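Worksheet for the structure shown next.
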There are 2 protein chains.
Amino acid sequence: MQKVPKWQALADDLAAKIREGVYRPGDSLPLIREQVAAGMGSKTTVQAAYSALESEGLVTTTRGHGTSVRRRPPRLVRRHQDRYAWEKRRALLDSTTRRESGVVEHDTGLAHEEIECHAAFNTVQADDDLAGRFGVDVGTLLLHRHYWHSTPGSPTAMSLIDSYLVHAVAARNPALLDSKREPWPGGTQHQLRTVGIEIDVIEDGIRTRLATPEESRHLAIPSASPVLILDKTSISTEGEVVEYSHVILPGDRTEFRYSVQLERWTQ
Amino acid sequence: MQKVPKWQALADDLAAKIREGVYRPGDSLPLIREQVAAGMGSKTTVQAAYSALESEGLVTTTRGHGTSVRRRPPRLVRRHQDRYAWEKRRALLDSTTRRESGVVEHDTGLAHEEIECHAAFNTVQADDDLAGRFGVDVGTLLLHRHYWHSTPGSPTAMSLIDSYLVHAVAARNPALLDSKREPWPGGTQHQLRTVGIEIDVIEDGIRTRLATPEESRHLAIPSASPVLILDKTSISTEGEVVEYSHVILPGDRTEFRYSVQLERWTQ
DNA sequence: GAGTGGTCTAGACCACTGT
DNA sequence: CAGTGGTCTAGACCACTCC
């Protein structure tokens, strides 16, 4: 026999009702004060239940308004094998074709005008972690580029990206150092091509952790809900790490997909 | 200017001290009642801060004992491209070689005797989701196999696995229906080989969500911390989906790694 | 201004750990 | 047994939304 806390029992009960469709997306849940009046516990207890449901992404709460069942945003499937190959082929196209559509459009299926790109650049000295990833000395100058994309006028980011290049390499084309040139038609692989680099292999690392309060706000996900973290390392045909990006993605809206082709048994 | 709740300010403060090494792994944090006495807020407030730190995986709390800084478990890196290929080659080996080491040993680096395998089988009828994945009719009989692995005697699972096969296919070798034959030397790919199936492609889908309280207990992760979910679909050389598994992995101990090889530009 | 969720308090009891 | 974290209460105030 397990002792289930009262707040959790209430949360489970409401969650079940949401899944069964007793409360449907967009519906309002009983007000917290109503639950208290109905004898479901003290306000703190009911609050705990409601905030658990919020973390799970089942409901959204708005101060002064109430709590309602969340319309689950569709998961955006990221097929990186296709995506990276597509990005690479595109780097060879002429500038007008490249300008028509970028990776973000490719990922989201949105039109070019529906996406706003925000970029901020600065230079940093490689710390232990970054130096290790690039295989350079600690203190080496790196170009640090922070990006986020949104639909025009919206403060909600689709992802938060921190991308790094070795500064001396990027500086071979001064245009790459200018954040005002973003979004760059053709993306990073085209940018690297302008300094004579071709990408051979991209290594993806995927982890998860809870969102910080700031990330929750910026990505418009419930507080204390998880994010996915993608660490992407691009390796040139010379075998050198030429770009590293750290991408934070909303956990409830993201799915990665990889396809592993196996060698045939020959007998 | 942002209004930061008192509990969050306290949590941030303690988190910073942990990262700076003021409190080191294994150290005890000030007792909740001490913080209250020190005027850091009421018990509920301090409690909220401490439980936030627990969800983030920074501390562990034990009732009756106290709160101490968590020794971060090392992340287990899962390189599925290697893993699946290794598993496939192994299915061709003789039984004594296969018996020596399995995928779990391969993943964890543990010795054969250090791993205990728990298996429970039953049959289920395909619901909408499963039928869609296998491309069979709803109601089709499936063999459902639930697995979890642990170090001997420990109640802590390394992962929670639900694996499905079309029952009619598995039944071609009656030994496959018997959970007492698990762990099967050579794994699923060898099992499928005994019924004449060779795997061609494996599709991985990766998502995240918060752990349920039960998962938190079983995987020994903090409550309200995230898990990673792997949906693995195996496709035979005939192009049919022959196995589907749903794997729940501890978010703080798992990292996926994929390597994407790109085609060269030819000019 | 009325009503909502979010935070905070002071104090109580419970479940569990150590000795 | 004393002392810990976990839960719960009743009541207060605040920040916000909507009318």
Side-chain angles (χ1 to χ4, degrees), chain A residues 1-14 23 26-70 155 213-214 216-217 220 222-225, chain B residues 1-14 23 26-70 155 213-214 216-217 220 222-225:
Chain A
M1 199 51 201
Q2 268 288 334
K3 168 70 183 164
V4 177
K6 206 169 183 176
W7 64 265
Q8 195 180 293
L10 177 54
D12 289 349
D13 179 53
L14 290 168
Y23 301 113
D27 285 1
S28 286
L29 248 58
L31 301 177
I32 291 181
R33 282 165 168 85
E34 282 175 17
Q35 299 274 27
V36 174
M40 304 305 291
S42 74
K43 193 184 170 191
T44 316
T45 305
V46 177
Q47 181 87 253
Y50 276 51
S51 103
L53 293 174
E54 206 223 328
S55 285
E56 290 166 30
L58 288 173
V59 303
T60 48
T61 61
T62 35
R63 267 222 262 260
H65 177 63
T67 305
S68 53
V69 179
R70 187 154 176 249
E214 194 184 298
S216 296
R217 259 178 281 125
S223 60
S225 74
Chain B
M1 200 53 202
Q2 268 288 333
K3 169 71 182 167
V4 177
K6 208 168 181 176
W7 64 266
Q8 195 179 295
L10 176 54
D12 290 348
D13 180 55
L14 290 168
Y23 302 113
D27 285 1
S28 287
L29 247 57
L31 302 177
I32 290 181
R33 282 163 167 85
E34 282 174 15
Q35 298 275 27
V36 174
M40 304 304 291
S42 75
K43 193 184 170 192
T44 316
T45 306
V46 176
Q47 182 87 254
Y50 276 50
S51 102
L53 293 174
E54 207 224 327
S55 286
E56 289 167 30
L58 288 173
V59 303
T60 49
T61 60
T62 34
R63 264 219 262 260
H65 177 64
T67 305
S68 53
V69 179
R70 187 153 176 251
E214 194 184 297
S216 296
R217 258 179 281 124
S223 60
S225 74

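This structure is a prediction, so every number in the text was calculated from the model and none was measured. Numbers restart at 1 for each chain; the letters A, B, ... are given by sequence-line order, proteins then strands.
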Expressed in angstrom and rounded to an integer, what is the separation of [X] atom [atom1] from [N] atom [atom2]?
X: L29(A); N: dT4(C); atom1: CG; atom2: C1'; answer: 14 Å
X: R63(B); N: dC16(C); atom1: CZ; atom2: P; answer: 5 Å
X: K6(A); N: dA10(D); atom1: NZ; atom2: P; answer: 8 Å
X: K3(B); N: dG5(C); atom1: NZ; atom2: C1'; answer: 16 Å
X: H65(B); N: dT17(C); atom1: NE2; atom2: P; answer: 11 Å

Donor-acceptor contact present, side-chain T67(B) to main-chain L31(B), <3.5 Å:
no

Donor-acceptor pair, distance only, cut-off 3.5 Å: does the side chain of S55(A) make one with the backbone of S223(A)?
yes

Residues from residues 31-52 of chain B lying under 4.0 Å of DNA chain D - heavy atoms
L31(B), I32(B), R33(B), K43(B), T44(B), Q47(B)

Side-chain N or O of T61(B) less than 4.0 angstrom from OP1 or OP2 on dG6(D)?
yes

Separation between CD1 (I32(A)) and OG1 (T44(A)), nearest 0.5 Å, reads 10.0 Å

Say you draw a straight line from CD of Q35(A) to CG of L14(A); how long is it, rounded to the nearest 0.5 Å?
6.0 Å

Side-chain contact, heavy-atom cut-off 4.5 Å: V69(B) with L29(B)?
yes

Result block: side-chain N/O donor-acceptor pairs under 3.5 angstrom for residues 4-13 of chain A, not counting sequence neighbours:
none

Side-chain contact check for W7(B): nearest option of dC8(C), dG5(C), dT7(D) is dC8(C)

